Protein chains: 2
Amino acid sequence: MGTQPTRKGRPPGKRSDPRFEQVTAYIPKELYRRVKLKILAEEGEAGTPTDFSELLADLLKEWLGDP
Amino acid sequence: MGTQPTRKGRPPGKRSDPRFEQVTAYIPKELYRRVKLKILAEEGEAGTPTDFSELLADLLKEWLGDP
């Protein structure tokens with residue numbers, strides 16, 4: 001037996017994943033409202049981001065010119 | 001004399017602007033590092049965002065299909 005306790009419940013998320021970092025930004029409220037609306041409206045459609053973090057990662061990769 | 005003190009120093013920023021909202025996301029560390037590098041590397045060039053908040057707003061507007 002090691003020091004790792006048996007994991008219960010759902011798997012660890014991005015918040016506790018050391019490969020992820022919390023980023024903070026200030027954007028216009030109205031812009032953010034429209035973004036949240038679009039994410040919710042398109043939820044479940046193929047190729048659409050499921051949450052704000054995923055959207056952000058997608059957009060940043062594109063900005064960097066990643067394949 | 002009102003209750004408003006005379007403002008000194010620099011003007012209020014996005015953090016205290018009620019039209020702006022703080023947003024938080026979790027993105028891969030390595031991705032964020034490369035984004036910060038690119039922002040710094042292109043600093044001062046025409047048409048480039050000056051900070052992460054500005055970049056984010058630009059990318060989100062584009063995602064929404066704003067002109």
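Naming convention: chains lettered A, B, ... in sequence-line order (proteins, then strands); numbering from 1 in each chain. Small disclaimer: the values here were computed from a predicted structure and weren't measured.
- A single hydrophobic cluster is not seen to contain both Phe20(B) and Val23(B); linkage of ILVMFWY side chains at heavy-atom distances under 4.5 Å, directly or through other members, places them apart.
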If you check both backbone and side chains, which donor-acceptor pairs between chain B and chain A fall under 3.5 Å?
residue: Arg15(B); atom: NH1; partner: Tyr26(A); partner atom: OH; Å: 3.4
residue: Pro18(B); atom: O; partner: Lys29(A); partner atom: NZ; Å: 3.2
residue: Arg19(B); atom: O; partner: Lys29(A); partner atom: N; Å: 2.7
residue: Glu21(B); atom: N; partner: Ile27(A); partner atom: O; Å: 2.8
residue: Glu21(B); atom: O; partner: Ile27(A); partner atom: N; Å: 3.0
residue: Gln22(B); atom: OE1; partner: Tyr26(A); partner atom: OH; Å: 3.0
residue: Val23(B); atom: N; partner: Ala25(A); partner atom: O; Å: 2.8
residue: Val23(B); atom: O; partner: Ala25(A); partner atom: N; Å: 3.0
residue: Ala25(B); atom: N; partner: Val23(A); partner atom: O; Å: 3.0
residue: Ala25(B); atom: O; partner: Val23(A); partner atom: N; Å: 2.8
residue: Tyr26(B); atom: N; partner: Ser53(A); partner atom: OG; Å: 2.9
residue: Tyr26(B); atom: OH; partner: Arg15(A); partner atom: NH1; Å: 3.4
residue: Tyr26(B); atom: OH; partner: Gln22(A); partner atom: OE1; Å: 3.0
residue: Ile27(B); atom: N; partner: Glu21(A); partner atom: O; Å: 3.1
residue: Ile27(B); atom: O; partner: Glu21(A); partner atom: N; Å: 2.8
residue: Lys29(B); atom: N; partner: Arg19(A); partner atom: O; Å: 2.7
residue: Lys29(B); atom: NZ; partner: Pro18(A); partner atom: O; Å: 3.2
residue: Arg34(B); atom: NH1; partner: Asp66(A); partner atom: OD2; Å: 3.4
residue: Arg34(B); atom: NH2; partner: Asp66(A); partner atom: OD1; Å: 2.5
residue: Arg34(B); atom: NH2; partner: Asp66(A); partner atom: OD2; Å: 3.3
residue: Lys38(B); atom: NZ; partner: Trp63(A); partner atom: O; Å: 3.2
residue: Ser53(B); atom: OG; partner: Tyr26(A); partner atom: N; Å: 2.9
residue: Trp63(B); atom: O; partner: Lys38(A); partner atom: NZ; Å: 3.2
residue: Asp66(B); atom: OD1; partner: Arg34(A); partner atom: NH2; Å: 2.5
residue: Asp66(B); atom: OD2; partner: Arg34(A); partner atom: NH1; Å: 3.4
residue: Asp66(B); atom: OD2; partner: Arg34(A); partner atom: NH2; Å: 3.3

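- Between atom CG of residue Leu56(A) and atom CG of residue Leu31(B) there is a gap of 8.0 Å, rounded to the nearest 0.5 Å.
- Cluster partners of Leu40(B) are absent, since no Ile, Leu, Val, Met, Phe, Trp or Tyr has side-chain heavy atoms less than 4.5 Å from it.
- Proximity to chain A (any heavy atom under 4.5 Å) is shown, for Ile39(B), by both the backbone and the side chain.
- Clustering ILVMFWY residues whenever any of their side-chain heavy atoms sit less than 4.5 angstrom apart, transitively, puts Leu37(B) in a cluster other than the one holding Leu64(A).
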